[in-house]
Amino acid sequence: MSVSAEVLARAPMETTEGEIDTVSTQRPRSNIRPLSPMPDYVEHRNGVNEVGKLSAEAVVREYEAAVKEIEALGTELQLAAKNCEVMVAGVHDMIAEIKEFAAGYRDQGKRFFLQIEAVSLMTTEVRNTCEALKKKIATDTLSN
């Protein structure tokens, strides 16, 4: 039994019946929470009076409650980090797909570039051939 429970058990109960009715209607026993056990990393020292022990227990319990909340926050952050890692992995996969798509698009642009230049060269060759043929026809017609 903790020191606080012992003190409460030994507390004098000098009340009248009217006070008992008032006390019982204000705070039913079912709503009283049992005190959590003291953390095992603390221990009362010899010679500390009851008030000091109760105060120290109350403070360490509040700190322990805060620690539980902090640890819960750490768990939430770990979950968020895992979700981020999954998202980052998805982004890396998407980046790889985008790079592949961009490379294919670049190749298609290069292919169209080469086709247009090939057609342009062929058109220039046809034009030059036509010019040469016109000159030959003109020269042959004038010489006859």
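The 12-atom threshold is exceeded at CD of Q115, counting heavy atoms of other residues, nucleotides or ligands nearer than 6.0 Å. By the neighbour-count criterion of 12 heavy atoms within 6.0 Å, atom CZ of R106 is sparsely surrounded, having that number or fewer from other residues, nucleotides or ligands. Counted within 6.0 Å of CD on Q108, heavy atoms from surrounding residues, nucleotides or ligands total more than 12; the atom is thus considered enclosed.
L54 contributes atom CG, which lies 9.0 Å from atom CG of N49 (distance to the nearest 0.5 angstrom). In this structure, NZ on K135 lies 12.5 Å from SG on C130, to the nearest 0.5 angstrom. Here the CG-CD1 distance, from L77 to I70, works out to 11.5 Å after rounding to the nearest 0.5 Å. Here the straight-line distance linking atom CG of L133 with atom CG of D140 works out to 9.5 Å at 0.5 Å rounding. In this structure, E97 CD and H92 NE2 are separated by 14.0 Å, a value rounded to the nearest 0.5 Å. One distance of note links CD of E57 with CD of E50; it measures 9.0 Å at 0.5 Å rounding.
Heavy-atom minimum distance, P37 versus R61: C-NH2, 4.1 Å.
The hydrophobic clustering, which links ILVMFWY residues whose side-chain heavy atoms are closer than 4.5 Å, places M38 and Y41 together.
Between E71 and T75 there is no side-chain heavy-atom pair separated by less than 4.5 Å.
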